[in-house]
2 protein chains.
Amino acid sequence: MNIRDIAKKVGVSSATVSRVINQSGYVKDETKQKVLAAIEEADFVPNAIARSLSTRDSSSIGVIVPDIANEFFSSVISGMGEIAVNNQYNIVLFDTGEMQEREHQYLQMAEGQRLSGLIITPVSELDMVTRDKLIQFENKGIPVVLVDRNIKNSNLDGVFVENAAAAYKGVEALIHAGHRKIAIITGPSTSMPGKDRLKGYKAALMDYRIELKEEYIVSGDFKIIKAYERTKELLQLPDPPTAIFASNNQTSLGVLKYLTEQKLKMGRDISMVGFDQIESLKIIDYRLSTIERDAKKQGYEAMAMLIDKLSHKESKSSGRKIFVPYQVVLRGSELIK
Amino acid sequence: MNIRDIAKKVGVSSATVSRVINQSGYVKDETKQKVLAAIEEADFVPNAIARSLSTRDSSSIGVIVPDIANEFFSSVISGMGEIAVNNQYNIVLFDTGEMQEREHQYLQMAEGQRLSGLIITPVSELDMVTRDKLIQFENKGIPVVLVDRNIKNSNLDGVFVENAAAAYKGVEALIHAGHRKIAIITGPSTSMPGKDRLKGYKAALMDYRIELKEEYIVSGDFKIIKAYERTKELLQLPDPPTAIFASNNQTSLGVLKYLTEQKLKMGRDISMVGFDQIESLKIIDYRLSTIERDAKKQGYEAMAMLIDKLSHKESKSSGRKIFVPYQVVLRGSELIK
DNA sequence: TATGCATATGTAACCGGTTACATAAAGGAG
DNA sequence: CTCCTTTATGTAACCGGTTACATATGCATA
């Protein structure tokens, strides 16, 4: 069943049926009604793939994230979904699991799919393959929007948070609480948030004339397991830190996992501040101080930005950056008892 | 740039180029190498949409869930993604937000997209529109797999958990702990898990000769807000329950939200058991007893089942049901102190 | 040497829409 | 009454692949 079949039933041409379906061009009202009736009767749904081929527009937006199971990203996606559906776009979802090869693989697939646009939180800000591919996309007319992580030397548009400033304030809170031995479990040094949050940490310590200690700066990967191990190492140092700054929500959970297993109490044995809230902990009023932001809104913003580019047919980025607001919410875990 | 352009460059026909790309039919190795070189040089990626139109197969699988921000579903999706990518399928994601109209809207879109298959957690088990649409899909050769929620009178294949039995055990734990005044905050009565978990609750009380009290059975919607309100109402009853059974993870969070705000302590002021774990609470060893299962695995199973149907070209369901294992993990919140 | 099969490649129709262009009728202006 | 514009509809090419069918060659077998 296709538009030609419908056309035959009604006794018009396929062009007329197409016009009715798309409400384009001139169609006599009487004809229109007959066509609509035939479509209704045949329970006909036009083939979006054929339409895409013809119009060179898939009405699908690719969304590439590093970890859907991370509540930050699932909230972001949830926000994006609402805007997308209101604008008749589908979301084609890819989860890289922070793996570069998989990111490349997805970008390859995305290219074949002739997606209308792409929203991506890249694994690394230094990955040339990804960068070149994204720039290529924009050159081909497929706009790109970055979420949360930038790409070096690219001036791609994106929606971010002021990582360095936010981390600075988080660390500052620890300093104000009296800490001098403050450690950080970083994110990957290849990702912008990883790097910038570390930058904020260092800036805070320097501003307060606290010496940077190499062994207090340990590298994580934004995942629970490694953060858990790093915490263990930190607390087993001859001169362990009295406070830890965790670079994202998964990192916070890794720290908490170790503390919990060792029956160490936050605020007594160790203090901490984390980046990104953890909703269920907020609900039970678990006193973890975190830097918070509206993830869902970040999703809205990103999708809205992409659709804006799409509707203005401006595929090229111009280094536009939206920064969503953040808040340092102190709940006591930064204190020393 | 298309296969005809490549063909021209090499001096062969488009059919040969197509054969090289798809590794189908006979192609002399020498020719093959020349074609591959031309593809490489032109940085050519074949148009998947044209391919889809021609083969009537989009290599995309629609996934419709009621709430991605719920960690159960984000884990399920994460599991599905891994299997999908290994089998060269894309995931087209739709989040209904538990809204029927939106579900219908998505199913309509899905139909136009000519998806290869569909995995859905329907909002309601009674929705005729959804049911008919899904059956229609299978009749058209698009296999369907249900996740977590069944559809009445449909014999669609799916991956579920033994809701009634699991809920029974959860409630039984409360009874063993000495409770007699046990309330339940249900899920929607129109969803299978909602209904069956209530069934399990009732069965447990009956088996232990505990009278069912109307006012202890309050209806929720699997969301935090309503569960919060229901908890408030329950605890303000003249004769309040001493324990609550929460029908899903969001419901548990709603209960906890109220308890926390009122500074009520679990195990002292009220006891509870919830359905579905909450990972971050487990990490901090928050002593909430829950019925647990491997959500990611449920995602694997569902996607594997769909791909199995796809590869056997059997679009029709045969009422095949996989049940993932569950565990009642008691951590103390079921006790009375 | 004739026959048959495997190998290799090309031709062209087809998938199901969209749309530029052609054609024609109707209505309004001069 | 002629000319122009607006309305209405059809024809056919096009989007970029796939693939049935036709054709041709090489080589083995009888």
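Residue numbers begin at 1 in each chain, while the letters A, B, ... track the order of the sequences.
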Interface residues of residues 104-111 of chain B with DNA chain D (non-hydrogen, below 4.0 angstrom)
none
Do NZ/NE/NH1/NH2 and the carboxylate oxygens of B:Glu125 and B:Arg131 come within less than 4.0 Å?
no
Set of side-chain hydrogen bond (donor to acceptor under 3.5 Å, both in side chains) partners for A:Glu301, sequence neighbours left out:
none
Taking all heavy atoms of A:Phe44 and all of A:Ile21, pick out the closest pair and write down the distance.
CE2-CD1, 4.0 Å
Who pairs with A:Asp308 by salt bridge (charged side-chain N to carboxylate O under 4.0 Å, His left out), at least two apart in sequence or on another chain?
A:Arg320
Under a 3.5 Å distance rule, please check whether A:Asp148 uses its side chain to pair with a backbone N or O of A:Phe160 as donor and acceptor.
no
Pair listing, side-chain hydrogen bond (donor to acceptor under 3.5 Å, both in side chains) test, anchored in residues 82-97 of chain B, at least two apart
B:Glu82-B:Lys296, B:Glu82-B:Tyr300
Take B:Asp157 and B:Lys321, measure what salt bridge (Lys or Arg N to Asp or Glu O under 4.0 Å) needs, and give me the verdict at the end.
CA-CA 6 Å; B:Asp157 298 334; B:Lys321 301 204 181 324; over 6 Å; no
No-hydrogen, no-angle side-chain donor-acceptor test under 3.5 Å, A:Thr16 and A:Lys32:
no
Pairing donors with acceptors under 3.5 angstrom, does anything connect the side chains of A:Lys309 and A:Ser317?
yes
To check you understand the geometry: which heavy-atom pair defines the closest contact between A:Ser124 and A:Ile151, and what is its length?
O-CD1, 4.3 Å
For DNA chain D, find the residues of residues 31-42 of chain A with a heavy-atom distance under 4.0 Å and give them by number; none if there aren't any.
A:Thr31
Mind checking side chain to side chain contact (heavy atoms under 4.5 Å, CB included) for A:Glu30 and listing every partner two or more places apart, or none if nothing turns up?
A:Lys28, A:Lys34
Among B:Val145, B:Val147, B:Leu310, the one residue meeting side-chain contact (heavy atoms from CB on, under 4.5 Å) with B:Met305:
B:Val145
Give a yes or no answer on whether the side chain of B:Asn22 reaches the backbone of B:Arg19 with a donor-acceptor pair at less than 3.5 Å.
no
Which donor-acceptor pairs under 3.5 Å do side chains of residues 57-78 of chain A form with protein atoms, sequence neighbours excluded?
from    : atom 1 : to       : atom 2 : distance (Å)
A:Asp57 : OD1    : A:Ser59  : N      : 3.3
A:Asp57 : OD1    : A:Ser116 : OG     : 2.6
A:Ser58 : OG     : A:Ser60  : N      : 3.2
A:Ser58 : OG     : A:Arg114 : O      : 3.0
A:Ser58 : OG     : A:Ser116 : N      : 3.3
A:Ser60 : OG     : A:Ser58  : O      : 3.4
A:Asp67 : OD1    : A:Ala69  : N      : 3.1
A:Asn70 : OD1    : A:Phe72  : N      : 2.8
A:Asn70 : OD1    : A:Asn249 : ND2    : 2.8
A:Asn70 : ND2    : A:Asn249 : OD1    : 3.2
A:Glu71 : OE2    : A:Glu279 : N      : 2.9
A:Ser74 : OG     : A:Glu71  : O      : 3.3
A:Ser75 : OG     : A:Glu71  : O      : 2.9

Heavy-atom side-chain contact between B:Pro46 and B:Arg51 under 4.5 Å:
no
Under a 4.0 Å heavy-atom cutoff, the residues of residues 7-25 of chain A touching DNA chain C are A:Ala15, A:Ser18, A:Arg19, A:Asn22
Got a sec: does the NZ of B:Lys140 have more than 12 other heavy atoms crowding it under 6.0 Å?
yes
Which nucleotide span of DNA chain C, 5' end to 3' end, has atoms closer than 4.0 Å to non-hydrogen atoms of chain A?
C:dG16 to C:dA20
Output one line per pair: protein atom, nucleotide atom from nucleotides 5-7 of chain D, and distance, for all N/O pairs under 3.5 Å.
from  : atom 1 : to      : atom 2 : distance (Å)
D:dT7 : OP2    : A:Tyr26 : OH     : 2.4

Can you sort out the partners of A:Lys133 under salt bridge (charged side-chain N to carboxylate O under 4.0 Å, His left out), two or more places apart, ordered by chain and number?
A:Glu111
Axis-to-axis angle across the helix from C:dT1-D:dA30 to C:dG30-D:dC1, five pairs each end, nearest 10 degrees, ~ 40°
